[in-house]
Amino acid sequence: MADTVTLNAENKSYEYPVLSGSTGPDVVDIRKFYAETGMFTYDPGFTSTGSCESAITYIDGDIGMLLHRGYAIGDLAENCNFEEVAYLLQHGELPDKATKAVFEHDITYHSMLHEQIHNFYSGFRRDAHPMAIMCGVVGALSAFYHDSLDITNPDHRRISSYRLIAKMPTIAAWAYKYSQGQPFIYPRNDLGYAENFLHMMFATPCEDYEVNPVLSKAMDRILILHADHEQNASTSTVRLAGSSGANPFACIAAGIASLWGPAHGGANEAVLNMLNEIGDANRIDEYVGKAKDKDDPFRLMGFGHRVYKNYDPRAKIMAETCKEVLDELGVKDNALLDIAIALEKIALEDEYFIEKKLYPNVDFYSGIIFQAMGIPVTMFTALFALARTTGWIAQWNEMVEDPHQKIGRPRQLYTGPTERDYVALDNR
Ligand code: CMC
């Protein structure tokens, strides 16, 4: 690749350095572009723009590859638990046995919420969406942990990071409990991360509840699959919010808000709604037709990705996990799964989807698994947020430590009125 890129404009020539990462496309360093040319670059949706330097996650969308700190997602999902992957994302290396035990202990012993946080829950309507509760409660944590808010102090950052990772399952499970009018179930220190979440979701004080090991293994794997995904909308939101020096609890609350949208984390909820709406395999062609119709806003939810132009590697593991969970639960005929499999087959053979390189993404099967586990649809995105917190916080820490970090401040192509005379109210 060239060392520089030359731009010619108005009989002048400008040269910009080309930077290479450890793998992936090179980038043109245009930091001096405006100062030298007086022009901005224009890239809505950041389709060609690298916003930061990062050593956490790498995606090669053309071949369907996802690596965390160099390890393939398939290897991590098969061999690690979520806590190990969380450690890897935060610290850059997989932990040895002793380090893993210390990390798991530290996370476990931060999983309780301050008792006064109960009051926040009771301020919400019972039918509040769990994501609304998550935004509110996570943002409110910054009012409880003044002792760890100095973002220039690495110890403060580590404690805040551990608090966020540890408390997220409790916050999410309590959002569900609140919607059911059931008492909050406290975390148990003898349970692993995924197990503890299922325990807090489904136990009641009235009887013993044993977490099914197949389901907790599946949940653990689902959390791993959602742990990080490079500079997506919510991660970029966390970084942008944090670039002003905002505290990590506020930044993660911003990330949750961004994740909520149906084009991002809200897609798993939208997939299930779509499968229910299709309702019968005979109607699949009709919906595929709608997805292809330029005049119809309908899209096949769980299909397509900004970066993957091949099968999303997470979707493959998700499809296998889906089968394991349904087998364990003895679900023989699952109408939604049948529709999903038939829909996937038809879409993958359709010229429109082939040409646009639209493949199933991570959300296509996750909703079916969650529903089989008894998790209500509105909790699906909350689960995504719980898993993604570990990626968000790793990316936030990396940003704070980056010597090139500046407050994020995009420019614009202004198309509004130019300066004009003020018109007094009586004359308008
Ligand atoms: N169904 C039908 N057509 C689609 C779909 C779809 N799901 N996705 C993209 N297209 C078409 C789109 O209409 C466009 O066509 P044309 O070139 O003729 O205008 C072309 O494919 C490119 O789409 P785009 O919207 O320009 O691509 P994007 O990179 O901006 O959008 C996406 C990516 C994920 C928002 C989009 O594929 C989509 O809306 N998918 C459905 C929602 C979904 O499943 N989201 C979950 C993403 S994975 C989880 C996560 O990371 O959050």
Side-chain angles (χ1 to χ4, degrees), residues 43-49 56-62 64-66 68 73 131 222-238 255-275 277-278 284-319 340 343-370 377 380-392 395:
D43 184 17
F46 304 107
T47 52
S48 300
T49 299
I56 301 175
T57 292
Y58 175 72
I59 304 172
D60 184 334
D62 291 330
M65 174 197 265
L66 168 60
H68 293 317
I73 188 66
M131 288 296 277
I222 292 168
L223 297 181
I224 293 173
L225 295 181
H226 287 89
D228 192 48
H229 213 228
E230 210 238 53
Q231 309 311 321
N232 52 79
S234 57
T235 303
S236 299
T237 302
V238 170
I256 295 170
S258 168
L259 186 75
W260 195 354
H264 194 5
N268 51 18
E269 184 173 336
V271 170
L272 212 73
N273 293 337
M274 176 188 77
L275 294 175
E277 192 183 312
I278 297 176
I284 290 176
D285 286 342
E286 177 195 333
Y287 278 82
V288 170
K290 273 163 75 64
K292 288 157 57 175
D293 181 354
K294 274 225 158 298
D295 299 326
D296 191 325
F298 175 79
R299 284 186 169 200
L300 272 196
M301 299 316 284
F303 259 80
H305 199 275
R306 170 63 61 79
V307 184
Y308 293 118
K309 301 304 166 199
N310 201 323
Y311 214 99
D312 180 340
R314 302 169 301 170
K316 277 193 190 131
I317 304 168
M318 202 61 97
L343 180 63
E344 180 184 354
K345 190 167 181 302
I346 290 171
L348 288 177
E349 287 167 358
D350 189 291
E351 200 42 50
Y352 173 94
F353 290 86
I354 295 170
E355 191 205 315
K356 294 190 189 302
K357 300 188 177 164
L358 299 169
Y359 292 85
N361 59 47
V362 68
D363 291 320
F364 193 64
Y365 283 103
S366 59
I368 297 174
I369 308 180
F370 292 153
V377 175
F380 293 0
T381 318
L383 261 157
F384 194 156
L386 135 60
R388 185 56 59 84
T389 296
T390 184
W392 286 332
Q395 301 265 356

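Ligands are counted one by one from 1 in listed order, and the atoms in each one are counted from 1 as well. Quick caveat, the model's predicted, so the values are computed rather than measured.
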Can a non-hydrogen atom of Lys294 be found less than 4.0 Å from any atom of ligand 1?
yes
Students should be able to answer this: which protein heavy-atom is nearest to atom 10 (N) of ligand 1, and at what distance?
Leu358 CD1, 3.7 Å
Side chain or backbone, does Arg314 bring an N or O within less than 3.5 Å of an N or O on ligand 1?
no
Does Phe364 have a heavy atom less than 4.0 Å from any atom of ligand 1?
no
Under 4.0 Å to a heavy atom of Gly302 - the qualifying atoms of ligand 1, by number
43 (C), 44 (O)
Nearest heavy atom to atom 40 (N) of ligand 1: which of Phe303, Phe384, Tyr308 does it belong to?
Phe303
Is a donor on one side and an acceptor on the other found under 3.5 Å between the side chain of His305 and the backbone of Asp312?
no
Check: Phe353 N/O within less than 3.5 Å of ligand 1 N/O:
no
Tell me which part of Lys356 gets within contact of ligand 1: side chain, backbone, both or neither, using heavy atoms under 4.0 Å.
side chain
Once rounded to the nearest 0.5 Å, what's the spacing between atom CD1 of Ile222 and atom CE of Met318?
5.0 Å
Ligand 1 to Tyr352, heavy atom cutoff 4.0 Å, flagged ligand atoms 2 (C), 3 (N), 4 (C), 11 (C), 13 (O)
Counting heavy atoms only, name the option from Gly304, Ala315, Gly265, Ala267 that's nearest to atom 46 (C) of ligand 1.
Ala267
Asp228 pairs by side-chain hydrogen bond (donor to acceptor under 3.5 Å, both in side chains) with which of Thr235, Thr390, Thr57, Thr389?
Thr57
Taking all non-hydrogen atoms of both residues into account, name the closest pair between Pro313 and Ile73 and its distance.
CB-CG2, 4.0 Å
What is the closest protein heavy atom to atom 45 (N) of ligand 1, and at what distance does it sit?
Ala263 O, 3.2 Å
For atom 47 (C) of ligand 1, what is the closest protein heavy atom, and at what distance to 0.1 Å?
Asn361 ND2, 3.6 Å
Would you verify that at least one protein heavy atom lies under 4.0 Å from atom 22 (C) of ligand 1, or report that none does?
no
Is there a protein heavy atom at a distance of less than 4.0 Å from atom 27 (O) of ligand 1?
no
Which value, rounded to the nearest 0.5 Å, describes the distance between Glu269 atom CD and Ser366 atom OG?
11.0 Å
Does some non-hydrogen atom of Asp363 fall short of 4.0 Å from ligand 1?
yes
Closest approach of any protein heavy atom to atom 51 (O) of ligand 1, naming residue and atom:
His305 NE2, 3.7 Å
From OH (Tyr365) to CD (Glu344), nearest 0.5 Å
3.5 Å
Please round to the nearest 0.5 Å and tell me the distance separating atom CD1 of Ile256 and atom CG of Leu386.
9.5 Å
How far is atom 24 (P) of ligand 1 from its nearest protein heavy atom, and which residue and atom name does that atom have?
Arg299 NH2, 4.0 Å
min-distance protein heavy atom vs atom 7 (N) of ligand 1 -> Leu300 O, 2.7 Å
Electrostatic pair Glu286:Lys290 at N-O distance under 4.0 angstrom:
no
Atom pair CD1/CG of Ile368 and Asn268 - distance to nearest 0.5 Å:
11.5 Å
Would you call the rings of His229 and Tyr308 parallel, tilted or perpendicular, taking 30° and 60° as the class edges?
tilted
Check: of Met301, Arg306, Lys309, min heavy-atom distance to atom 30 (O) of ligand 1 comes from Arg306
For atom 52 (O) of ligand 1, what's the nearest protein heavy-atom neighbour? Residue, atom name and distance, please.
His264 ND1, 2.5 Å
Mind checking the CG-CZ spacing from Asn232 to Arg306? Nearest 0.5 Å is all I need.
11.0 Å
Is it the case that the side chain of Asp43 and the backbone of Ser48 share a donor-acceptor pair, with hydrogens and angles ignored and the cut-off at 3.5 Å?
yes
